[in-house]
Undergrad: 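For reference, the structure I am asking about is given below.
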Amino acid sequence: MASLTTFTDEARIALDTISERAAGLFSPSVRVGVTGLSRAGKTVFISAFVHNLIHGGRLPLFDAQKSGRIARAFLEEQPDDAVPRFQYEDHIAALVNERTWPDSTRAISELRLTIEYESASGWNRLLSSGRLSVDIVDYPGEWLLDLPLLGKSFQEFSQASFEMAELPARYDLSRVWRELARSVDPNADADEMKARSLFESFAAYLKACKLDDRALSTLPPGRFLMPGDLEGSPALTFAPLPGLSRTPRPGSLQAMMERRYEAYKTHVVKPFFREHIARLDRQIVLIDAMQALNAGAGAITDLEHAVTEILGCFRPGRGSLLTGLFARRIDRILVAATKADHLHHESHDRLQAIVRRLTQRAAARANLSGAEVDVLAMAAVRATREGTVKQGRETLPVIIGTPLQGETIGTQTFDGKTETAIFPGDLPAKADLVFEGGTGKFLSDRSDPTIRFVRFRPPKLERTAEGVTLSLPHIRLDRALQFLIGDHLA
Ligand code: GDP
């Protein structure tokens, strides 16, 4: 296999690392990557993470906060001028003032949070500066899933794309594109309009796979779904072709597509990896397990596939495609299912067991080693409270919240204002049941979904007697903080 890093890549990473390390002597920093497929909950997670630290939220499982060692936490200017800033203030204004969910992640962004603290041990107090900068890097999981392309030629990419498109789950969604692609001659003269229509048709198929009721995992190229600032650029205007020849004729459609595919790898995928992913110390991967559970059997398998691919990107082991591109080693990875506030707390551990099972299988398959991996079921922002409702002689556990306008259960449509108690249903005690090859029964009957899932508005924040607004409520966010940065504040 050809080496994917050139000498200049490695030299550049080494130089960057040396200067970052030197700066780190004066002000230690830790870079935390936050990723997940679109709508997994990245924006909400980062907003809640920062808000709870700045406002001294209730974080009993986060040692430094619990033991009162954090003097203050505040936002500082980020070190990377070329990366957009995570729009924290706008997102918090939406969540807290308007009780609406903030705009989701569309591209990479970054935020620096600095924490002033006192070490727990006298020895550490002598050695440490008592300051830690946490650089939070938010980026679409779709972009990460492009990394395997670095090891694929245009022919291999084309072949793999057709194979996936012909699988039963995608067959109908990909038909229009497949028919169009098979109608063109790759050896014909290159034609911009033809290239564009092929690209548009292929991108439309990839987008259709992501719709709620399908919830199929993402296929590359990731920028076809999340273009960021590259919308409409030639490096993005290509598509797989059938019936390729080994050496395309110069000036042909195949030659043009192949050149653009290579440009996408060189100018989009590789720099993104080198400049952002290769510098991370810690990583959290958010997954929307609730949506997958709701979408039925198959979607869970698909999610597991996506997590395998994502974890594979963090594997700098020997023989990996990406060896040499890594400047640092990501030493901790947290796979977290967000939105646990849609379930009663009795099911939280069950959700976590499902995530554990899924992650273990994915980590084994991705051959991940060297990093500590943990899992969590959490809600970065808790939009519901718990209660009980009496039904005949039974007392049922319910969750209470304000469903978003337009959400429905059965024949009832919600207005976005009324608080409602919902019996969400239970997850099975045995995690195996939700996986294909388990009995599968849990997920197969969609006419009577076992869990009921509606989207809620963000919660109304409580105020103290003095009128101070309390920080955003959450479920187990403190455990995520402890795993991601706790040891740096020890
Ligand atoms: P992103 O695309 O990964 O940035 O996803 P967002 O953070 O924008 O989250 C997508 C949607 O998921 C939000 O608009 C909310 O509706 C929902 N969501 C995310 N996190 C939570 C959470 O902790 N609790 C609840 N109830 N909903 C959440």
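One-based numbering along the sequence shown. One-based numbering, in listed order, for ligands and for the atoms of each. Just the heavy atoms: all of them, side chains too, but no hydrogens, waters or symmetry mates, feed the values below.
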Undergrad: What distance do Lys42 atom NZ and Leu286 atom CG have between them, rounded to the nearest 0.5 Å?
TA: 7.5 Å
Undergrad: Using a 4.0 Å cut-off to any heavy atom of Ala379, which atoms of ligand 1 qualify?
TA: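 Those qualifying, in numeric order: 23 (O).
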Undergrad: If you measure every N/O of Arg455 against every N/O of ligand 1, is any gap under 3.5 Å?
TA: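 No; the residue has no nitrogen or oxygen that sits under 3.5 Å from a nitrogen or oxygen of the ligand.
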Undergrad: Would you compute the distance between atom CD of Glu304 and atom CD1 of Ile287 and round it to the nearest 0.5 angstrom?
TA: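 Rounded to the nearest 0.5 Å, the CD-CD1 separation comes to 10.0 Å.
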Undergrad: With respect to atom 24 (N) of ligand 1, which of Thr35, Thr105, Val381 exhibits the smallest heavy-atom separation?
TA: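 Looking at heavy atoms only, the winner is Val381.
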Undergrad: Can Arg332 be said to sit on top of Phe483's aromatic six-ring, NZ or CZ under 6.0 Å from centre and within 45° of the ring axis?
TA: yes
Undergrad: Is the ring pair His276/Phe272 parallel, tilted or perpendicular, if the boundaries are 30 and 60 degrees?
TA: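 The arrangement is tilted - the two ring planes meet at 30° to 60°.
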Undergrad: Evaluate the ring planes of Tyr205 and Trp177, with Trp represented by its six-membered ring, and classify them as parallel (under 30°), tilted (30 to 60°) or perpendicular (over 60°).
TA: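 Ring orientation of Tyr205 relative to Trp177: parallel.
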Undergrad: Is it the side chain, the backbone, both or neither of Asp341 that has a heavy atom closer than 4.0 Å to ligand 1?
TA: side chain
Undergrad: How long is the straight-line distance from CZ of Arg39 back to OG1 of Thr105, given to the nearest 0.5 Å?
TA: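 Interatomic distance, Thr105 OG1 to Arg39 CZ, rounded to 0.5 Å: 10.0 Å.
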Undergrad: Should one rank Lys42, Lys339, Glu142 by closest heavy-atom distance to atom 19 (C) of ligand 1, which comes out on top?
TA: Lys339
Undergrad: Can Arg382 be said to touch ligand 1, with heavy atoms closer than 4.0 Å?
TA: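 The answer is no, since Arg382 has no heavy atom less than 4.0 Å from ligand 1.
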Undergrad: Who's the nearest protein heavy-atom neighbour of atom 10 (C) of ligand 1, and how far?
TA: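 Here the closest protein heavy atom is Arg39 O, 3.6 Å.
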Undergrad: Got the closest protein heavy atom to atom 5 (O) of ligand 1, with its distance?
TA: Gly41 N, 3.1 Å
Undergrad: Counting heavy atoms only, which of Thr43, Ile475, Val34 comes nearest to atom 4 (O) of ligand 1?
TA: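 Selected option, by shortest heavy-atom distance: Thr43.
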Undergrad: Do Arg31 and Asp80 meet the salt-bridge criterion of a basic N to acidic O distance under 4.0 Å?
TA: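 The answer is yes: the pair qualifies as a salt bridge.
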Undergrad: Can you pull out every salt bridge (charged side-chain N to carboxylate O under 4.0 Å, His left out) where at least one residue sits in residues 339-349? Sequence neighbours excluded, please.
TA: Asp288-Lys339, Asp349-Arg476
Undergrad: Between Glu142 (side chain only) and Ser38 (backbone N and O only), is there a donor and an acceptor less than 3.5 Å apart?
TA: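 At least one qualifying donor-acceptor pair exists.
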Undergrad: Between Ala383 and ligand 1, is there a nitrogen or oxygen pair with a distance under 3.5 Å?
TA: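 N/O-N/O distance under 3.5 Å: no.
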Undergrad: Atom 15 (C) of ligand 1: which of Phe45, Phe456, Trp101 has the nearest heavy atom?
TA: Trp101
Undergrad: Is there a nitrogen or oxygen of Ser104 sitting under 3.5 Å from a nitrogen or oxygen of ligand 1?
TA: yes
Undergrad: For Gly36, state whether at least one heavy atom is located under 4.0 Å from any atom of ligand 1.
TA: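 Judged by the 4.0 Å heavy-atom criterion, Gly36 does not count as contacting ligand 1.
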Undergrad: Within a distance under 4.0 Å of any heavy atom of Ser38, pick out the atoms of ligand 1 and give their elements.
TA: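 In order of numbering, the contacting atoms are 2 (O).
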